[in-house]
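Numbered from 1 within each chain, the chains take letters A, B, ... in sequence-line order.
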Amino acid sequence: MSSGANTVESSPKSGSGVTAASASSQEAVNRLTAPAGLLVDHGKPVTFSFEGKQYRGLAGDTVASALAANDVWLLSRSFKYHRPRGVLTMAGQDANTLVQLPGEPNVLADRLPISEGLKVMGQNYSGSLKRDRDRHLDNLGRFMPVGFYYRSFNSPRFDRFWEPLIRKKAGLGKVDLEAEHDYFDKAYLFYDLVVVGGGPAGIKAAVQAANAGAEVLLVEEQPELGGALSYARFDADALTGLHRREELIAEAEATSGLDIMTDAVCNGWYADNYLPVIKGNRLYKVRAKQLILAQGSIEQPAQFRNNDLPGVMLGSAAQRLMRLYGVRPGRRAVVLAANDHAYGVALDLDDCGVEVAAIVELRDGPGDGPMAAWAQKLGFKVITGHCIQEAVARRDGLHLGSVRVSELTGQGSFNHGSEGIDCDLLVMSVGYTPTYQLALQAGGKLSYDDETAHFTIGNLPPIVSLAGSLNSTYDLAAVEAEGTLAGWQAAKDLGLKAGRQPKRPGDRGADGINHPWPIFKHRLGKDFVDFDEDLQVKDIQNAVAEGYNELELVKRFSTVGMGPSQGRHSALATARLVAKGTGRSVAETGVTTARPPFTAETLGVLGGRVFEPERFTPMHFAHKGLGAQMMTAGLWWRPAYYGEKSDRDRTILKEVRNVRTNVGLIDVSTLGGLEIRGPDAAEFVNRLYTFAYLKQPVGRSRYLLMTNEQGVVIDDGVACRFAEDHYYLTATTGGVDRVYRQMLWWNAQWRLDVDVANVTAGYAGVNIAGPKSRAVLERLESDVDFSAEAFPYMGLRAGTIAGIPARFLRVGFVGELGFEVHVPASYGQALWSILLEAGAREGILPFGVEAQRVLRLEKGHIIIGQDTDAMTTPDEVDMAWAVSKKKPFFVGQRSIQLRRRHPSKRRLVGFTMPKDQPVPLESNILLADDGEMVGFVTSAALSEACDSIIGLAYAPAETEVGGKLTIKRSNGALLEATAAKAHFYDPDNKRQEM
Amino acid sequence: MTSDIQLRHSFAEERVKEAHGRLEELGQSSVAVGFWTVADEVATAKSMGLVDLSPLPRFGFKGVGTAKWLKSRGVEIPEAPNQAAVQEAGGLGLRLAAEEMFLLGGLGTEAEDPADLEEAWQKSRAKQRGFPLPRQETHAWFLVTGEHADAMLAKLCGVDLRPAKFSNLSIAQTSLARMSAVVCRQDLAGHLAYHLLFDSASACYLWDCLIDAMAEFQGGPVGLNALRSLIST
C-alpha cells in the first residue's frame with residue numbers, strides 16, 4: 001500500500017471522474033461523491049429491492065452497481081455447482097449477473113437500470129441466495145467430471161428420473177407463463193455506413209465518413225458514447241480519457257449526417273450488411289452499404305483457484321464501477337497485473353480510497369508503461385514474477401477474504417509456498433480478446449499472433465472493416481487514427497469525395513497487453529475457464545485427453561462456450577489449453593463458430609410486432625352481426641355457421657335443411673376469380689385444364705379441373721365464357737394464388753396472346769341455393785330472365801340486379817337449384833342485405849361453410865385438398881369424365897397417361913353408416929381383415945336427407961358398392977361402414993337442374 | 001324495396017366508423033369526410049395522417065397496347081415503369097409496368113372518374129389496347145400524409161421510402177405489413193404523402209397496422225375535407 005495513496009492530492013490528476021475520495025455518509029456505503037459516476041444522477045435516489053430487501057440507488061445505476069454501492073456483491077449462484085457469483089465485467093458480458101424479474105428471467109443485472117419499486121431476485125438457488133441449500137453440490141464436483149452427463153444419462157431412465165431432478169437443480173431463471181405480453185416492434189433503417197461501437201475509433205470513423213457526405217449510423221451498446229474513454233485510464237494523470245471523450249462526443253454530436261443510437265446492440269451480421277440492431281423493445285433491421293466494426297475488446301480473466309469468488313473481477317469492471325457509477329469496488333485490493341492497464345486500475349483504486357495492498361505482476365518486471373512508472377513512484381507494492389494461486393473466501397464463503405500469492409516457476413507453474421494477503425477485492429488485468437463475433441460472422445478469419453499473444457482478424461469482405469482494439473490497436477492516438485482511416489476508406493468506397501488519405505496509425509500499442517499464459521491450474525481445481533458452465537482447467541484438459549482434439553468437439557463434449565456469455569471469457573483460455581494439449585498453435589486451434597445473436601435476445605424482440613395478414617369479405621361485418629362463428633380459410637375469414645357454439649350441430653343441420661327445402665344464402669366471395677382475355681384465351685384455358693374448352697359456347701359455364709405436371713389434381717372451379725376472347729374462371733379459395741402463379745409461369749413459356757388478371761378480391765359472390773332461390777331473385781329488379789328455359793343449368797349471364805352490376809352463374813355445388821351472383825366487391829355488402837331482405841318471405845337463411853360441406857358431401861362433390869392429397873389423380877376420384885381424351889395437350893396429360901398404365905390401387909369411394917353410430921373423423925384409417933391399413937376417411941357427416949352417416953374414403957380400388965369397410969376411430973374402436981356410390985342425394989341431378 | 005340501401009361501401013368503412021368518422025355520400029358510396037375538426041385534422045395530416053380514399057374513383061389497364069392507347073386518350077404516361085404522372089384533370093397515372101397503368105382519380109370535388117375510359121375502350125377498334133382492370137374493386141386506397149410518414153412506413157415496409165431516397169412520384173411495388181402493395185409518393189401542397197394501393201379484402205387489416213404504427217407519432221385518421229383543405233392551402 002502506498003503511503004498517501006488514499007488522498008486525492010497524492011495523484012497528479014484532477015477531474016478524472018474518480019477523484020472523489022471516499023464514500024459519502026449520505027449515500028450507500030460504497031458510493032463515491034460526485035463527480036464520480038458518469039452515468040448516475042447523485043440528486044435522484046431510486047429505491048428498489050433485491051431478494052426482498054430494499055436498497056437505495058441512484059438514477060442511472062444498474063441493479064449490479066446499485067447493489068455494489070450498498071456493499072451487496074452476491075448476485076447469483078452458478079449453473080452447476082451453485083457457487084456464489086458476483087460482478088465480473090460490469091459490461092453485460094457474463095452470466096454471473098443474471099437475475100430474475102417478476103415477469104422475466106435471466107436479466108443482466110449489470111445492464112438493467114434500476115427503477116422505483118423494481119423487484120429483483122436472484123435465481124438458481126434453493127432456499128435463499130445467501131444460504132442456498134444446493135451449495136453442497138460444490139463439494140461433489142469430482143463426481144461430475146466433464147462429459148458425465150453424456151455417460152450417465154443416456155438411458156430411458158434419464159427422462160423419467162434424472163431429467164426432472166437436473167432441471168430443478170441446474171438451470172437459470174423461471175419463466176412466468178402468466179406474464180403480460182409487452183409491446184415490441186420492428187423498423188427498417190437504411191444507411192451508407194453503420195459503425196458499431198461508439199468508442200474513440202468508432203466516433204472518429206463515423207465523423208470522418210459523415211463529413212465526407214455519408215449517411216452514418218453509430219451504434220453504441222452503452223448509454224453514452226465514449227467506449228473505454230468513459231471508464232479506463234490512459235495515462236498517469238488520468239486526464240486524457242475524459243477530456244478526449246468530451247471532445248469526441250461533442251464532435252460527433254455536431255456532425256450532420258451522423259445518427260447516434262446508444263443503448264443499442266447490433267446483434268448479428270447477415271449477408272450484404274443486413275444488421276439487426278436492438279434498442280429497447282424495437283428491432284431495427286438496418287441495411288448498410290459499408291460497415292465498420294469498432295466494438296473494442298473483451299478483457300479476460302486469469303485462471304486460478306476460486307477465480308470466481310465475488311470480489312474477484314476484471315480491472316475494467318472495477319473501473320466501470322468507479323467511473324461510470326461512482327461506486328467503490330472494495331476496501332483493500334490486490335491487482336493481478338500483466339500489462340500497463342493494471343497499473344491504471346491500481347491508480348484509480350487508490351484515487352477512490354481503496355487500499356491497494358499489492359500489485360501481483362506476472363511479468364518479471366512492471367514494464368515501462370507510464371502508469372506503471374507512476375505507480376512505482378507512488379510506492380505501490382509490486383510483487384513481480386508472481387501469480388495468484390488461490391483466492392480464499394472469507395468465513396461465510398460468499399466473498400473474497402484474501403489471496404495466496406506464489407512465485408512463478410514456468411508457464412502456468414508456481415511454487416506451492418505462498419504469501420497470503422488479506423483483501424476484499426482482486427482485480428485482473430492480464431489481457432484481452434477482440435470482440436470478434438460480428439467480424440467472424442461477416443466472414444473474417446481469426447489468427448493468433450504468438451508474439452503479442454493476440455487474436456487477430458483478417459480476410460474480411462470489402463464492405464466490412466475494423467478499427468480500434470477490435471483490430472488489436474490499443475494506443476489511443478493510433479486508435480483514433482485507425483478510426484479516421486477506416487471512415488475515410490468507407491467514404492471513398494461509397495463513391496464520395498473523401499479528401500486526402502488521413503495519416504496511417506503509428507505504433508498500435510499491442511505489445512505487452514496480453515499475457516500468453518495467465519492460467520494457473522490448481523491441484524484442487526475450481527480454477528474456472530468457463531464461469532457459465534462451471535468448467536475448470538482440468539475439464540478442458542480432460543476433454544482433450546478423451547480424444548476430442550478439435551475445438552468444436554471439445555465445445556460439444558464439455559459445453560465450454562455454450563453458456564449465456566458464449567465464450568467471451570473462455571474462448572481464449574480454451575484455445576490455449578487445447579493448443580497445448582494437442583501440440584498445435586493457438587492459431588491452428590482457433591475459436592468455435594460465432595453465430596448470431598451476439599447477445600441474448602428475447603422472443604418478444606424476435607416475434608413482435610407480428611404481421612398476420614387477414615382478409616375480410618365485403619360481408620364480413622354483416623356475418624358477425626348475424627351471429628356467425630367465423631373460421632379461417634387461408635387468410636380469409638368465413639362464416640362456419642350462424643349461431644351459438646353450444647348449438648353448433650343443430651344449427652348446421654338447420655342450415656342444411658333450409659337449403660334443401662327452402663332457400664339459403666352463402667358468401668362465396670373467397671372463391672378465386674381470374675380474368676382470361678385475349679385472342680388466345682380459349683387455347684390458354686384448354687392447355688391449363690383437363691376438360692375441353694375450345695368449343696365451349698359463349699354464355700355457358702363448364703367445370704374446371706386442374707392437374708400439375710405429375711397428373712395430380714390441384715384445383716377445380718368453373719370456366720365462364722363471356723365472349724370468344726374472354727373467360728372468367730373461378731378457383732378454390734386456397735388454390736387461386738397458386739393457380740395464378742401457374743398461369744403466369746406457363747404463359748411465360750407459351751407466349752400466347754392472352755392477359756391474365758387475378759380479380760379475386762375485386763368480386764364479392766354469393767350462392768343463393770334451394771328450391772325457392774329463383775323466386776327470390778325474380779322478386780328483385782333485374783334485366784336477367786331467371787326462368788329455367790331462359791337460364792338453364794350451367795348457363796351464365798351478365799346483367800344487373802337491384803341496380804348492382806352482376807355476373808350470374810347457374811351452378812350446383814350443393815345440389816339444389818342455385819345461382820352464384822358475383823358483383824364488384826364494393827357492392828357485396830348491399831347485395832347480401834338486399835337478398836336477405838328479398839328472401840324474407842321464403843324464409844331465407846344464411847348458411848356457412850359447415851353446412852355447405854354437408855350439402856356437397858350429399859352430392860358427392862369433392863373438395864380439393866380435403867378429399868385429394870398430393871398423389872390424387874383424376875381417375876382415383878372418379879373424374880375421368882372431366883379429362884379430355886381428344887386434346888393434344890394439357891398440363892399433366894402425359895403423366896395421367898403414364899399412370900394409367902399402372903392403375904392405382906386405391907380410389908375414393910362413398911360409404912354409409914347407420915346414423916346412430918359415431919361420425920368418423922377425417923383421416924380415420926380403413927383396415928383390411930388382417931389389420932393392415934388400406935385407406936382413410938376424407939369426409940364424413942350426418943346427413944338428414946340420407947337418414948344416415950355418409951362419407952368419402954380412399955379404399956382399395958377393387959371395392960364394390962355394398963362392400964364392407966372397417967374404419968378405425970382415433971380411440972381404437974372399429975366401425976363398420978358400407979361402400980356406396982358417392983352421389984348420395986338426388987343422383988339424377990333433377991333438383992339442381994330444375 | 002331497396003331504394004334506401006347504400007349500394008357501395010368503402011372496404012375500410014367499419015374502421016372509419018369505429019374511429020367515429022363522419023361519412024358523407026359520394027356517388028353510390030360514402031366517404032369519411034372528418035373525424036374531429038378540420039383544423040385539428042389538417043395539423044394531424046401535416047404530421048402523421050391516414051386517409052381512406054377507397055370510395056374515390058380509380059381504374060386500370062394492362063396488356064399489350066395499353067400505353068399507346070391510353071396516350072391516345074390523353075392520359076399522361078410516365079417515361080418508365082415505377083413512376084407516376086400527374087394528369088391534366090388532377091388525377092395520377094401510375095405506370096406499374098411497360099404495359100400496365102393504375103389510374104387514380106383526383107382528390108378534388110370535380111375529379112374525373114378514370115373508369116369512364118372503359119366505355120371508350122369498349123368502343124375502340126384498336127386491335128391492341130390492353131384490357132381494363134377493376135382497380136376500384138381489387139384495390140383499397142389509403143393515403144398516409146405528413147412529415148413522419150416515411151418513418152412510420154419504415155415499420156411496415158422494407159423499401160427505403162425516405163424523401164431523399166424515394167423521389168416524388170416514385171412507385172414501389174413491394175410488401176407492406178407482409179402483404180403486396182403499391183406505394184406511390186405524391187407530395188401534396190408541399191407535404192409528404194404516400195398513396196397505398198393494396199388488396200381490398202385486407203383494408204381493415206392494414207388500417208389496424210397503420211394506426212398501430214402511427215401511434216408513436218401521435219398520428220390518426222384524417223377526413224377528406226381536411227385533406228382537401230390541406231391541398232388548397
Would you compute the distance between atom [atom1] of [X] and atom [atom2] of [Y] and round it to the nearest 0.5 angstrom?
X         : Y         : atom1 : atom2 : result
Arg609(A) : Leu156(B) : CZ    : CG    : 8.0 Å
Met179(B) : Leu635(A) : CE    : CG    : 10.0 Å
Phe611(A) : Tyr205(B) : CZ    : OH    : 6.0 Å
Ile834(A) : Ile5(B)   : CD1   : CD1   : 4.5 Å
Glu675(A) : Leu133(B) : CD    : CG    : 8.5 Å
Glu612(A) : Arg178(B) : CD    : CZ    : 7.0 Å

Side chain, backbone, both or neither: which part of [X] has a heavy atom under 4.5 Å from chain B?
X         : result
Tyr284(A) : neither
Lys285(A) : neither
Glu215(A) : side chain
Pro618(A) : neither
Arg282(A) : side chain

Check: With respect to chain A, which residue among Ser202(B), Cys157(B), Cys204(B) yields the maximal number of heavy-atom pairs within a distance under 4.5 Å?
Finding: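 Option with the greatest count: Cys157(B).
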Margin query: Taking every non-hydrogen pair under 4.5 Å, which of Cys209(B), Gly63(B), Pro134(B) racks up the most with chain A?
Written below: Cys209(B)
Item checked: Exam field: side chain Arg162(B) to backbone Leu189(A), donor-acceptor pair closer than 3.5 Å ->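 No: the side chain of Arg162(B) does not pair with the backbone of Leu189(A).
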Notebook entry, point to check: Between Lys62(B) and Val756(A), is there a donor-acceptor pair closer than 3.5 Å when you use the side chain of the first and the backbone of the second?
Noted result: yes
Checklist line | Salt-bridge criterion met for Glu14(B) and Lys624(A) (N-O under 4.0 Å) | finding: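 Looking at Lys624(A) together with Glu14(B), the answer is no, because their closest N to O distance does not fall below 4.0 Å.
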Heavy-atom pair of closest approach, residues [X] and [Y]:
X         : Y         : result
Ala177(B) : Pro613(A) : O-CG, 3.8 Å
Phe190(A) : Gly158(B) : CZ-O, 3.2 Å
Ala761(A) : Ser200(B) : O-OG, 3.3 Å
Thr138(B) : Val759(A) : CG2-CA, 4.0 Å

Next item on the list: Apply side chain to side chain contact (heavy atoms under 4.5 Å, CB included) to the pair Val64(B) and Asp755(A), showing each step before the final yes or no.
Entry: CA-CA 9 Å; Val64(B) 178; Asp755(A) 184 76; over 6 Å; no
Next item on the list: List for me each residue that meets side chain to side chain donor-acceptor pair (under 3.5 Å) alongside Ser826(A), sequence neighbours excluded, and say none if there are none.
Entry: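 For Ser826(A) the side chain to side chain donor-acceptor pair (under 3.5 Å) partners, ignoring immediate neighbours, are Arg8(B), Glu137(B).
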Which bit of [X] is near chain A, if near means a heavy-atom gap under 4.5 Å: side chain, backbone, both or neither?
X         : value
Phe11(B)  : side chain
Glu100(B) : neither
Val159(B) : backbone

Checklist line | Top contributor to chain B interface from Gly803(A), Ala187(A), Gly673(A) [non-hydrogen pairs under 4.5 Å] | finding: Ala187(A)
Note to self: Which one wins on heavy-atom pair count under 4.5 Å against chain B: His620(A), Glu781(A), His726(A), Glu614(A)?
What the structure shows: Glu614(A)
Next item on the list: Answer yes if the side chains of Asp160(B) and Tyr191(A) hold a donor-acceptor pair under 3.5 Å, and no otherwise.
Entry: no
Next item on the list: For atom CG of Asp208(B), decide whether the heavy atoms of other residues, nucleotides or ligands shown that lie under 6.0 angstrom number more than 12.
Entry: yes
Next item on the list: Give a yes or no on this: more than 12 heavy atoms of other residues, nucleotides or ligands lie within 6.0 Å of atom CD of Glu778(A).
Entry: yes
Item checked: Audit row: Tyr827(A), Gln28(B), side-chain hydrogen bond (donor to acceptor under 3.5 Å, both in side chains) steps and yes/no -> CA-CA 9 Å; Tyr827(A) 292 95; Gln28(B) 292 179 311; 2.4 Å; yes
Notebook entry, point to check: Is the shortest heavy-atom distance from the side chain of Pro132(B) to the side chain of Arg677(A) under 4.5 Å?
Noted result: yes
